[in-house]
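Data first, discussion second: the structure below is written as structure tokens.
We name chains A, B, ... by the order of the sequence lines, and we start the count at 1 in each one.
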Amino acid sequence: MKYWLMKSEPSAFSIDDLKKAGSEHWDGIRNYQARNYMRDDMKVGDRVLFYHSSTEVPGVVGTATVSREAYPDHTAFDPESRYFDPKSSPDNPRWMMVDLTYESSFGQPVTLAEIRGMPKLKDMLVIRKGQRLSIQPVTKAEFETVLKFARAREAR
DNA sequence: GCCAACGTTGGC
DNA sequence: GCCAACGTTGGC
């Protein structure tokens, strides 16, 4: 089983949106490395840290699981979509998506600043300068550290 | 809104 | 295949 961090702008799609939906497809990925992670490495049951970016307090806000492996991102075929890509076609799809299923929401986000401050999380890609990938692998230890930190705070 | 860091595009 | 120009990301 693998572990991931996936970024979303909450104004576009938030953890609450995923909670409401239960499961949802993760469309709009238009970066080859992020696509390759989904296409080649994500399996059903993989666990995901759900991260809110471009918001007042960026950070991990909850968890999800991968519930369907990579399949063509249909928004690339839709000229009306902001994610339209004329180079992608149903015959030869360039972009992929996976489905995520909601797992949990943190009472308070584990903020980017907090991640920066924790020695155990010093190698997380999300705090590496210039790292903008919207899908990033995390280690099991990092995943569990984030989760424990969130749970410990909720227990107080 | 600024801007650093990157990724992509396209002319050559 | 180089690389300048351009677009995007995302924290601040």
Side-chain angles (χ1 to χ4, degrees), chain A residues 2-21 24-42 46-66 69-100 102-139 141-143 145-150 153:
Chain A
K2 292 193 170 68
Y3 299 84
W4 307 94
L5 179 146
M6 295 174 77
K7 296 181 187 173
S8 183
E9 298 189 17
S11 59
F13 188 74
S14 70
I15 188 80
D16 287 339
D17 293 328
L18 182 62
K19 183 175 187 176
K20 226 173 290 170
E24 192 56 272
H25 52 265
W26 199 264
D27 60 41
I29 297 296
R30 296 292 179 268
N31 170 283
Y32 288 106
Q33 200 177 342
R35 180 206 63 185
N36 293 349
Y37 280 138
M38 288 196 294
R39 187 190 60 192
D40 303 335
D41 297 323
M42 273 193 190
D46 282 3
R47 305 189 71 193
V48 176
L49 296 173
F50 198 113
Y51 181 92
H52 280 177
S53 65
S54 294
T55 186
E56 197 172 340
V57 183
V60 179
V61 293
T63 63
T65 57
V66 175
E69 283 164 28
Y71 60 107
D73 181 342
H74 56 77
T75 63
F77 311 144
D78 175 7
E80 303 300 312
S81 170
R82 64 171 289 211
Y83 298 120
F84 177 61
D85 181 353
K87 291 170 183 159
S88 187
S89 68
D91 286 345
N92 188 16
R94 174 176 293 204
W95 304 112
M96 299 280 149
M97 58 190 182
V98 297
D99 287 356
L100 292 190
Y102 174 82
E103 187 175 67
S104 70
S105 303
F106 299 161
Q108 293 174 58
V110 178
T111 69
L112 190 60
E114 286 168 341
I115 291 172
R116 276 209 186 90
M118 294 167 71
K120 280 187 178 174
L121 300 181
K122 67 179 170 50
D123 293 326
M124 279 188 79
L125 294 175
V126 73
I127 56 174
R128 191 172 297 174
K129 190 182 166 102
Q131 179 57 67
R132 301 177 315 180
L133 262 187
S134 58
I135 298 179
Q136 308 177 350
V138 302
T139 67
E142 288 163 349
F143 185 95
T145 299
V146 170
L147 211 59
K148 256 183 218 159
F149 184 82
R153 180 152 57 193

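- Contacts between chain A and DNA chain C, taken as any atom within less than 4.0 angstrom of a protein heavy atom, begin and end at C/dT8 to C/dC12.
- Contact annotation: the side chain of A/I135 approaches that of A/M42 to within less than 4.5 Å [non-hydrogen atoms, C-beta and beyond].
- The side-chain heavy atoms of A/V48 and A/L5, taken from C-beta on, include no pair separated by under 4.5 Å.
- As judged by a 4.0 angstrom heavy-atom cut-off over every strand, A/R128 is placed among residues making no nucleic acid contact.
- If you check the side chains of A/S89 and A/D91, you find no donor sitting under 3.5 Å from an acceptor.
- Outside the 6.0 Å centre-distance limit, the rings of A/W95 and A/Y71 are not counted as a close aromatic pair.
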Determine, step by step, whether A/S14 and A/D16 satisfy the side-chain hydrogen bond (donor to acceptor under 3.5 Å, both in side chains) criterion, reporting the C-alpha distance in whole Å, the side-chain angles of both residues, the deciding distance to 0.1 Å, and the verdict. CA-CA 5 Å; A/S14 70; A/D16 287 339; 4.8 Å; no

